[in-house]
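The sequence lines fix the lettering, A, B, ..., with proteins before strands; numbering per chain opens at 1.
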Amino acid sequence: MAKLATIREHMERYNPQEIEGKWRRFWEKRKAWKVNLGRAKKPYYNLMMFPYPSAEGLHVGNVYAFVGSDIHGRFQRMWGHDVFEPIGFDSFGIHSENFAIKKGTHPKEQTAKNIKHFTEQLKQLGALFDWDRAVITSEPEYYKWTQWLFLQLYKAGLAYKGKAPVDWCPSCKTVLADEQVIEGKCERCDSVVLQKDLEQWFLRITKYADRLLKNLETIDWSEKTKIAQRNWIGRTEGTSITFKIENSKEEIKAFTTRADTLYGATFLVLAPEHPLIASVTSKGIQEYVEAAKRKTELERRAEEKEKTGVFTGFYAINPLNKEKIPVWVADYALMGYGTGALFGDAHDERDVEFARKYTIPLKATVITGDKKQDQKILSLEQCFTEYGILVDSGPFTGMTSREAMKKVTEWLTEKGLGESKVTYHLRDWLISRQRYWGPPIPVIYCRKCRESTKHKTQSTNKSQNTKHKSQTEDRYGIDYVVINGVEYAIVLVPEKDLPVRLPKIKDFRPTGTGKSPLASVSSFMKTKCPVCKGSAQRETDVSDTFLDSAWYFLRYPCTEYANKPFDKKRIKKWLPVSMYIGGHEHAVLHLLYTRFITMALEDMGYIEFGEPFKKFRAHGLITKEGTKMSKSRGNVVNPDEYFVKYGADTVRTYLMFLGPMAEGGDWPDKGIVGVYRFFNRLWTLVAKPSLATAKLGLASELASELVNEVLRHKTIKKVTEDLENLRYNTAIAALMEYFNALQRSDKATREQINTLLILLSPFAPHLTEELWGKLGNKGSIHNQPWPKYNPRILKEEQLRLVVQVNGRVREVLSVARGISEKEAVALALQQEKIKKWFPSGKPKNVVFIKGRLLNLVSY
RNA sequence: GUCGGGGUGGCGGAACCGGUAGACGCGCAUGGUUCAGGACCAUGUGGGGUAACACCCAUGAGGGUUCGAGUCCCUCCUCCGACACCA
């Protein structure tokens, strides 16, 4: 007998492994989440950032992100949307290649292996993923179109090859984009980056700077992300001022945001890369420039940012007061910002520091109204950088800084000596990578074509980059590169020849020579020119991973089209993306690039929208004991053991219970058992034979207590609102509260429990499906409509009127909702706890907030 | 330095427009159940105070506005994140 009971008890226990596997197989077989993309009536594109499969498996941080997004998808699905929730792998790139190198395997094999394991793990999550449409960026079927995209960008004048000082990571042995350099270090491996002058491929994202900025107002994104983008774009308004050079026809345009300080200009500084310097023959200067370029960020840091510079030997004329000021070259001026030149004065800390070091005179022209400070500033003991009143500034004396900035700029503009200028922090996107594991850039260099088209190129000055050339549709014969002193025409690989396949080579490791490993594979490099059919060579660099991920969301709904990257009609139906959820670390990388590419595609006429994601929400970070999980720290938590111990439903729900989605949380605290207990208790309640028969069978009006009904509707309201706002943690709390009430009351009806299960189903899809069936309901719980609450029922609840005396709570009264102020005061004054505060029997003042509180004031 | 976000029990975190601070969960305590362990169930759990109430104190610190402040304003302390020689 005892044994039998134990077995029975065991059988009835909540066993996540058993039911989760069962339902997953069932759903997969039925293709339960499949959406017919062509026919769907209410398309909802629920997108999450796809993972880099650059590890053996998922960590709980990935799980957190995917589950949060999946819950949103499930919620939208139950609202009646046709939810398309795709998944894929961002499998090209340095992360994947580095991982393969570490493992000593070929990236192709390692990536395949990783993807296989990731897939197994992802399938355990119980998400709505459409696996038939999985996108893998390292497959030729995909990167063919990444290369196609590059060709279109080139034809539109948005891709160019140019020589520029670029950041080089000596460990990854490749150049990096501006965005991938963090505090002078490589984003991937933390190595200190070096500056190199290299000929590289760029995408002209700066052309879109203003649009990228302005459009932010039109999209529903987390404010944090928008701010990060605004900062990165870094639009600055200022003035460009033309300084004539003494005894020369040359002039220098200097950029400033403080035109009001122009009277105080006592020197001019050029960036070491400034074009004017190239024409200066003085040996000392050239040496300085070379040395500055060779400097690494580390060296600059070690010197504690000490500024260095050298006097050029010539002088410039201040257009305002005609003063003669020396022109210097210094490494604190940056070529990429403003005009690459600035004037130095006493109202900028960097200028002052530099001037002191080289004993260049300074002159203060701006002061505050404060007497004491006036003296200090005029004696130059202190560098005053704020706005103030102008002194010693000719006709501008006495003006405020703001006024003067305007007037000075106007004056200069009138005289043709300056103009308003806008500059940006944003730089063009450098996409060349001297690595193996990426899509080869589909370009061929042909010597013969260059020879035969040389006449087309007007200017022979090729010392600078191609940035400023005019844009035409067909640049054949005009654009060229110089390799080892020989000119080659840039010829695009014809679209019909795509993809340029990445050959499987043995020696795929980065070379460090400034060239991709592909450069030593002659079978790849040597090719025929598609124009002249003569022998030519291929570009051997591959493109940045972020180019792969800049358009993947367009591919998902169109994976069945082999002859085009995406289908216009399909795209029109499903895009822009309804909701995008992902990590905040991509705020200025992926999210900015993606917006740029979308705008470019719109301008080229391929799509009809300029913003890819209508709504974006950043999720927080899951940490381990307060620190970021990372492979290098070795504190990555593998979710597998938790799946085995507690099941996916518990892991899903627990992760969401940690805190608000936007804030992330710490894993693990022991709290996971709390959710597991909750599910066990739910299981027990539903499995109770008594519930399955008598009470559950009754109609709700007869059996339910009003209390439970009110709570049911309240819970629907709360959970619905919370899910809309991604406040999953409080939604779960409300569900627990509701469950606790049902369990306690012992009068729960089937409807009340069904509501609980439906509301819980986005969090715990397997468990709720099982219990839904156990209660004798038909069909899948996931096909149920989302419950609606009845506002009338919420009003039936008794009001708990808070009674305060002098703003402090003294009593809580249960009263009818419609109670009037008069009635409430009278009732309150009958209470012992209240009465004693009013010896006179009457309050001096009464504050009554209907439906909420009563405050009686005794003074 | 600049920009952004925080500081609430032993812990994770709740608290709509200013209106019962600490929901929900973890942990802990006591009791029940069990051969035992675990699991489970019940009750309690910010601090002081009380037999129990009452009452007092409490949301980083200090001040202010208000009938009433975690929430609004000012000053300061502190932690975290992003960017950083950007003129």
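When distances are taken from the side chain of A:Asn845 to each of B:rC67, B:rC3, B:rA84, the shortest belongs to B:rC67. Picking from B:rC57, B:rC55, B:rA87 the nucleotide with the shortest atom distance to the side chain of A:Arg808 gives B:rC57.
Take A:Phe678 and apply the ring-ring contact (aromatic ring centres under 6.0 Å, His included) test, not counting sequence neighbours, and it matches A:Phe739. The ring-ring contact (aromatic ring centres under 6.0 Å, His included) check on A:Tyr332 picks up A:Phe354, with sequence neighbours excluded. For A:Glu386, there are no salt bridge (Lys or Arg N to Asp or Glu O under 4.0 Å) partners at least two apart in sequence or on another chain.
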Under 3.5 Å, which donor-acceptor pairs link side chains of residues 726-733 of chain A to any protein atom two or more places apart or in another chain?
from, atom 1, to, atom 2, distance (Å)
A:Arg727, NE, A:Asp722, OD1, 3.3
A:Arg727, NH2, A:Asp722, OD1, 3.3
A:Tyr728, OH, A:Gly68, O, 2.9
A:Tyr728, OH, A:His72, N, 3.4
A:Thr730, OG1, A:Asp722, OD2, 2.8
A:Thr730, OG1, A:Arg727, O, 3.2

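Between the NE2 atom of A:His584 and the C1' atom of B:rC83 there is a distance of 12 Å, rounded to whole Å. Atom-to-atom, CD of A:Glu585 to C1' of B:rG81 comes out at 12 Å; the value is rounded to the nearest Å. As rounded to whole Å, 15 Å separates atom P of B:rC80 from atom NZ of A:Lys224. A straight line from CZ of A:Arg235 to C1' of B:rC3 spans 18 Å, rounded to a whole angstrom. If you take CG of A:Leu591 and C1' of B:rA82, they are 14 Å apart, rounded to a whole angstrom. Rounded to an integer number of Å, the gap from A:His586 NE2 to B:rA82 P is 13 Å. When the C1' atom of B:rA39 is taken as reference, atom CH2 of A:Trp683 falls 17 Å away, rounded to whole Å. Whole-Å rounding puts the A:Glu811 CD to B:rC53 P distance at 15 Å.
Remark: the A:Thr409 side chain and the A:Thr239 side chain contain an N/O donor-acceptor pair separated by less than 3.5 Å.
To the nearest 0.5 Å, atoms NE2 (A:His713) and OH (A:Tyr738) are separated by 8.5 Å.
With its glycosidic angle within 90° of 0, B:rG9 is assigned syn. With its glycosidic angle more than 90° from 0, B:rC55 is assigned anti.
A:Lys844 comes within 4.0 angstrom of nothing in the nucleic acid, heavy atoms only.
The closest side-chain heavy-atom distance from A:Val327 to A:Val269 is not below 4.5 Å.
Remark: the separation of the P atoms in B:rU75 and B:rC80 is 24 Å, to the nearest Å.
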How would you summarise protein contacts on nucleotides 7-26 of chain B per nucleotide, using B for base, S for sugar-phosphate only and - for none, with heavy-atom distances below 4.0 Å?
-----BSS-B--BBS-BBSS

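Place A:Tyr676 and A:Asn231 on RNA chain B by their nearest nucleotides, and A:Asn231 ends up nearer the 5' end.
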Yes or no on salt bridge (Lys or Arg N to Asp or Glu O under 4.0 Å) for A:Glu737 and A:Lys718, after CA distance, side-chain angles and deciding distance?
CA-CA 11 Å; A:Glu737 215 170 326; A:Lys718 172 80 176 146; over 6 Å; no

Quick one: the dot-bracket string of RNA chain B, using Watson-Crick and G-U wobble pairs with both distances under 3.5 Å, [ ] for crossing pairs and | for bases paired to another strand.
(((((((..(((......[....)))((((((.......))))))(((......)))..(((((..]....))))))))))))....

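Taking the ring centre of A:Trp221 as origin, the terminal cationic atom of A:Arg230 falls outside the region bounded by 6.0 Å and 45° from the ring axis.
Here A:Arg810 reaches the OP1 or OP2 of B:rC56: one of its side-chain N or O atoms lies under 4.0 Å away.
More than 12 non-hydrogen atoms from other residues, nucleotides or ligands lie less than 6.0 angstrom from CZ of A:Arg817.
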